[in-house]
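Note that the structure is a prediction, hence the values are computed from the model and not measured.
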Amino acid sequence: AQKVTQAQTEISVVEKEDVTLDCVYETRDTTYYLFWYKQPPSGELVFLIRRNSFDEQNEISGRYSWNFQKSTSSFNFTITASQVVDSAVYFCALSEKGGGNKLTFGTGTQLKVEL
Amino acid sequence: EPEVTQTPSHQVTQMGQEVILRCVPISNHLYFYWYRQILGQKVEFLVSFYNNEISEKSEIFDDQFSVERPDGSNFTLKIRSTKLEDSAMYFCASRGGDSYNEQFFGPGTRLTVL
């Protein structure tokens, strides 16, 4: 069965600090996909990034970067120079190719960025 | 940019009433999903739909729930007899044909059962 764990319930940082959100996953499939979604206070779910299990190359997109490590089953997300607009709940999610591609979400990390 | 839309944004209903939540997925997408999020909790999978039939459903998706794609654009979730514990945000999502494609979510319908 697939499972996603986000151990950090809430993180508070001061603007311009870097922050890393942790995600650990469990799956029996050899082919799977990992995602990060952002849920701002308005409530919608905004797709941020997808990673395939066969592609461990890390990625940087502007202030966002992702570190995917199969050896530790982790898919961590770092925001560099955080801004108040980054305040949101961030969800890590997993889908298995053999599981109909439904998303299993973690419990989310509430990020608060203060001035 | 194409997007998933959902109506209504907020639905208030009495316990025991039937509700229908509506979604218009992105037009060339083939796979459709419903998820729900009880306030302050994680997003939970309800059901997936492909080729006009349910492909998978969770244990939450009991006989009180049903889905339908009545025409080429709408995708609906019906709750036959609502309970207090059905109060949640319901999200519709759709994705394209390849396994690795991300799901795009609608803005959600907040269902309040009184």
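Side chains of His10(B) and Thr109(B): a donor-acceptor N/O pair is absent below 3.5 angstrom, by distance only. A side-chain donor from one of Asn101(A) and Arg95(B) sits under 3.5 Å from a side-chain acceptor of the other. A donor atom on one side chain and an acceptor atom on the other are not found under 3.5 Å apart for Tyr90(B) and Arg110(B). The closest side-chain donor-acceptor pair between Thr31(A) and Ser53(A), if any, does not fall under 3.5 angstrom.
In this structure, chain A has no heavy atom under 4.5 Å from any part of Glu44(B). If you measure heavy-atom distances from Tyr50(B) to chain A, you find no contacts under 4.5 Å at all. When heavy atoms are compared at a cutoff of 4.5 Å, Tyr37(A) approaches chain B solely by way of its side chain, counted from C-beta outward. If you measure heavy-atom distances from Gln39(A) to chain B, the contacts under 4.5 Å come from the side chain alone.
The CG atom of Asp86(B) sits 13.0 Å away from the CD atom of Gln17(B) when rounded to the nearest 0.5 Å.
With chain B as the partner, the residue from Thr104(A), Val46(A), Thr107(A) showing the most heavy-atom pairs under 4.5 Å is Thr107(A).
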